Number of protein chains: 2
Amino acid sequence: MATPLAQRKRQLVQDELTRAALGLLAGKGFEAVTVDEIVTAAGVSRRTFFRYFASKEDVVVQFLGDMGTGMCAELAIRPAHEPPSVALRHAVSVSIDACAGHDDRSLRVVRLILGTPALLARFLERRAHWRDELAAALAHRLRLDPVTDPYPHLAAGVALAAFDTVLHQWSGSNGTADPAALTDRAFTVVAPALDAVGQPCGPLSAGSVP
Amino acid sequence: MATPLAQRKRQLVQDELTRAALGLLAGKGFEAVTVDEIVTAAGVSRRTFFRYFASKEDVVVQFLGDMGTGMCAELAIRPAHEPPSVALRHAVSVSIDACAGHDDRSLRVVRLILGTPALLARFLERRAHWRDELAAALAHRLRLDPVTDPYPHLAAGVALAAFDTVLHQWSGSNGTADPAALTDRAFTVVAPALDAVGQPCGPLSAGSVP
DNA sequence: GCCATATTGACACTCAGTGCCATCTCCGGC
DNA sequence: GCCGGAGATGGCACTGAGTGTCAATATGGC
């Protein structure tokens, strides 16, 4: 390994910061905890915190990891003959498992995000990036032009709408519901839309777009 | 009228604040403009600004108005025999028209929101509230239980995914595309999902949810 | 004219986030 | 073993968003 020691020290600081932050935030709520309290609990300086996280929201949102990258990676390795609904269901399942898989902390983090407007806003912004990445991967997979054809953007949005509903249901059930079953059920509903590429409207069904 | 004069003075201040803010923000970008610059241009005090808007983001996002309320109102007055896809398409069209209808300012505001992470985050948070309101209205319309049945939440999310794609295309075309045609085209794709309520999965198709 | 109410402006304050610089530690070259 | 560069850290000062408080002013009804 090139620089294993410095790299691991960095990871150690980040983990401790995340641990201290999640503990405080889950107990007192997001806006009731200041960055000073977090860094005091973690034993580092205030300035160091902002070298690891761009904002106070990032400590929570970054905990969920790079789910967007995971979804695109899964979509890329799905067999080419799979219909979009199946490939997208597997891609979304990767993120769902990442959310629900960890330990009890995952549920608390998800509930914290869904219940805090500032955190929800940041999360949704990140989710919008996932949609764009998914749309690009889908356009590549189906050999569609991502700028002229609205289907990839729309299909990615529909798949993430299913993701939203699954996360909402799982959070509402206090983690007792089976994420895989919820995902299957949601995709059963949206599958007809995801597989409806190119059938009813070729270039344009009706309208005045030049 | 009860208090027409004071009410109209209040509206006057708010309009002037919005006008000054949009002018500055469109010209210099969101984070390059401080609240002090806005209030100086509008001729009021800094404290007054935060009595009209909860945050700097709110000046921009509130400009789009209460589109969520408009969508739900339209959904409520659609004939009961209309399939969900048609009723939701008309509901979404109300917001699309509200976005694209005004003057040139609408396009600049939309492009500003879609291009500024902080504004996009706030907009998406507001959009999440629209989805919840739409889901409640849809559950009432179809006489479904909004807590046990995932369909209303999912259908509202799918309809707003279509909304996102239409807004994205319209913004990308510099306002030259016809919003109604884009909306029709998007809903042609998602309609099979919106009208698939209760057919394939009654209580649950497969899984282990208690 | 007088009082209740609402709006505003001014000031002080907390807190998020950033730039800058001094310090320390690690690591490779000599 | 010593030295010099690179990266990580801490401290400090600063800008800017957002809030609480209070006094001054304007409105509207009596």
Side-chain angles (χ1 to χ4, degrees), chain A residues 1-18 20-22 24-25 28-62 112-113 116-123 125-126, chain B residues 1-18 20-22 24-25 28-62 112-113 116-123 125-126:
Chain A
M1 311 164 191
T3 41
L5 198 150
Q7 208 74 13
R8 246 173 307 169
K9 274 183 69 175
R10 224 182 134 73
Q11 189 63 39
L12 206 71
V13 174
Q14 175 151 345
D15 289 348
E16 179 61 21
L17 235 16
T18 302
L22 292 187
L24 285 170
L25 294 175
K28 300 172 59 179
F30 181 73
E31 42 270 338
V33 177
T34 67
V35 176
D36 288 87
E37 297 181 70
I38 298 174
V39 300
T40 301
V44 299
S45 81
R46 172 186 166 72
R47 193 63 186 86
T48 295
F49 177 90
F50 287 106
R51 288 198 178 94
Y52 284 86
F53 303 102
S55 67
K56 202 173 75 166
E57 289 92 354
D58 261 29
V59 195
V60 185
V61 174
Q62 220 183 78
L112 183 65
I113 290 176
T116 306
L119 286 174
L120 181 62
R122 291 291 178 165
F123 173 74
E125 186 217 331
R126 182 170 277 229
Chain B
M1 310 164 191
T3 41
L5 199 150
Q7 208 75 11
R8 248 172 306 169
K9 273 184 70 174
R10 227 183 131 71
Q11 190 63 40
L12 206 70
V13 174
Q14 175 151 344
D15 290 347
E16 179 61 20
L17 235 16
T18 301
L22 291 188
L24 285 170
L25 293 175
K28 300 172 57 177
F30 181 73
E31 43 270 335
V33 177
T34 67
V35 175
D36 289 87
E37 295 182 70
I38 298 174
V39 299
T40 300
V44 298
S45 80
R46 171 186 167 70
R47 193 64 184 86
T48 294
F49 176 90
F50 287 106
R51 287 198 180 94
Y52 284 86
F53 303 102
S55 66
K56 202 173 74 166
E57 289 92 351
D58 261 31
V59 195
V60 185
V61 174
Q62 223 182 77
L112 183 65
I113 290 177
T116 307
L119 286 174
L120 181 63
R122 293 289 180 168
F123 173 74
E125 187 216 332
R126 182 171 275 228

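Just so you know, these numbers use all the heavy atoms, side chains as well, and skip hydrogens, waters and symmetry mates. Just so you know, these numbers come straight off a predicted model, no measurement behind them. We name chains A, B, ... by the order of the sequence lines, and we start the count at 1 in each one.
Remark: the B/Gln62 side chain and the B/Glu57 side chain contain no N/O donor-acceptor pair separated by less than 3.5 Å. In the model, A/Glu16 has no side-chain atom that pairs as donor or acceptor with a side-chain atom of A/Gln11 under 3.5 Å.
One atom, CD of B/Gln14, and another, C1' of C/dA6, lie 16 Å apart when rounded to the nearest Å.
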Check the pair A/Val59 / A/Leu17 against side chain to side chain contact (heavy atoms under 4.5 Å, CB included), numbers first and verdict last.
-> CA-CA 8 Å; A/Val59 195; A/Leu17 235 16; 5.8 Å; no
Could you please spell out the steps behind the side chain to side chain contact (heavy atoms under 4.5 Å, CB included) verdict for A/Phe53 and A/Thr18?
-> CA-CA 10 Å; A/Phe53 303 102; A/Thr18 302; 3.6 Å; yes
Per-nucleotide protein contact along nucleotides 7-19 of chain D, 5' to 3', at a 4.0 Å heavy-atom cut-off (B base, S sugar-phosphate only, - neither), is -SBBBB---SBBB
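Using a 4.5 Å cut-off on side-chain heavy atoms (C-beta onward), B/Val60 and B/Phe123 make no contact.
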